[in-house]
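Presented below is the structure to which this report refers.
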Amino acid sequence: MLQIDVLTLFPELITTPLSQSIMGRAADKGIVEVRAHQLRDWAHDKHHRTDDYLCGGGQGMLMKCEPLFEAIEELRRDNTKVILMTPQGRVFSQPVARELAAPCVDGGDAHYIFVCGHYEGVDQRVIDTLVDMELSIGDYILTNGAIAAVVVIDAIARLLPGALGDARSSEEESFSDGLLEAPAYTKPNVFRGMPVPEVFLSGNHKAIAEWKLEHALERTRTNRPDLYEAWAAAHPEHFSPKKKKKRTPLTHYKNRKPLDEGAE
């Protein structure tokens with residue numbers, strides 16, 4: 001089971017989104033348990049302050065040592081990993097999500113304490129002494145770390161066995177194999193003159209898989225050339241002469257004569 005404690009000044013930003021949809025069902029099944037804690041509960045001064053001015057001067061406020069040390073020391077167990085959400089951290093990605101989900105995927109348990117940074121961040125002594133991993137969800141600034149923590153927790157939890165309705169779902173999503181997802185379609189087979197690509201109606205699963213790979217590559221090359229180059233370097237065999245063949249293009253709808261709306 002995956003158990004997560006979140007230390008934040010805004011617990012409702014954690015509990016509300018993580019009680020919905022897939023995460024809510026995973027919690028009901030006992031796959032994951034998320035507890036959001038108000039960090040002020042560990043601040044014992046009159047005003048329950050968790051922040052103070054920066055030593056040496058500077059703009060903004062910094063989260064204090066005392067509440068964070070006390071909270072983490074109370075919640076920490078033998079198998080706990082403390083994760084700080086911070087713009088200075090390792091960039092979060094699908095491989096990192098798999099890394100954090102791995103103990104539970106293999107049938108074990110994991111316990112994470114997420115520390116949500118606020119203001120100008122946290123006192124460095126917290127990081128040096130208590131934090132095991134610093135994570136960032138991208139090169140931009142959010143109002144607080146609770147928003148980022150929700151993103152990370154959701155990405156981890158959906159990888160756990162039983163969290164998704166179909167175990168293959170997490171394997172076929174974008175980034176699962178280093179590529180973006182291929183275009184996808186549903187019924188009707190023709191909508192406003194725009195048909196589903198014929199290969200999807202062929203029943204030829206090999207051809208469908210090849211179509212998906214080629215269009216996933218094309219989408220990745222266009223939108224995420226960094227991912228494309230990494231995939232190409234890891235799969236040189238895909239670009240060997242014997243693999244090359246004419247690619248079925250995506251349907252282009254501009255300047256095309258509409259088809260019968262009722263066509264199947």
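Nothing fancy with the numbering, it's 1 onward along the sequence. Just so it is clear, the model here is predicted, and its values are computed rather than measured. Scope of the values below: all heavy atoms of this structure, side chains included, with no hydrogens, waters or symmetry mates.
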From [atom1] ([X]) to [atom2] ([Y]), nearest 0.5 Å:
X: R125; Y: K64; atom1: CZ; atom2: NZ; answer: 9.5 Å
X: E210; Y: H215; atom1: CD; atom2: NE2; answer: 12.0 Å
X: L217; Y: L179; atom1: CG; atom2: CG; answer: 5.0 Å
X: H118; Y: T143; atom1: NE2; atom2: OG1; answer: 10.5 Å

Determine all donor-acceptor pairs shorter than 3.5 Å in which one atom belongs to a side chain in residues 133-140; sequence neighbours excluded.
{"unit_1": "S136", "atom_1": "OG", "unit_2": "G138", "atom_2": "N", "d": "3.1"}
{"unit_1": "S136", "atom_1": "OG", "unit_2": "G138", "atom_2": "O", "d": "3.0"}
{"unit_1": "Y140", "atom_1": "OH", "unit_2": "I137", "atom_2": "O", "d": "3.3"}

Is there a chain of hydrophobic side chains (I, L, V, M, F, W, Y, each step under 4.5 Å between heavy atoms) that links [X] to [Y]?
X: L164; Y: V151; result: no
X: I113; Y: V126; result: yes
X: I83; Y: L160; result: yes
X: I127; Y: V115; result: yes
X: V152; Y: V96; result: yes

So, E99 and R90, do they make that salt bridge, N to O below 4.0 Å?
yes
Lys/Arg-Asp/Glu bridge criterion (N-O < 4.0 Å) met for R40, D45:
no
Which heavy-atom pair separates A36 from T15 by the least distance, and what is that distance?
CB-CG2, 3.7 Å
Please give me the minimum heavy-atom distance between W231 and D177, naming the atom from each residue.
CD1-O, 3.5 Å
If we check side chain to side chain contact (heavy atoms under 4.5 Å, CB included) with H37, which of these qualifies: V6, L75, T8?
L75
Could you give me the CA-CA distance, side-chain angles and deciding distance for E229 and R224, then say whether salt bridge (charged side-chain N to carboxylate O under 4.0 Å, His left out) is met?
CA-CA 9 Å; E229 291 174 8; R224 289 292 303 274; over 6 Å; no
Does the salt bridge (charged side-chain N to carboxylate O under 4.0 Å, His left out) test come out yes or no for E218 and R221, once each step is laid out?
CA-CA 5 Å; E218 180 63 24; R221 186 185 66 80; 2.8 Å; yes
Does the side chain of E66 come under 3.5 Å of the side chain of H44 through a donor N or O and an acceptor N or O?
no
Is it the case that H111 and D78 place a side-chain donor and acceptor less than 3.5 Å from each other?
no
Would a 4.5 Å heavy-atom cut-off, applied to side chains only, mark F114 and I14 as touching?
no
D5/R35 under salt bridge (charged side-chain N to carboxylate O under 4.0 Å, His left out): CA gap, chis, key distance, verdict:
CA-CA 5 Å; D5 287 293; R35 297 176 290 265; 2.9 Å; yes
With sequence neighbours left out, what residues match W42 under side chain to side chain donor-acceptor pair (under 3.5 Å)?
E74
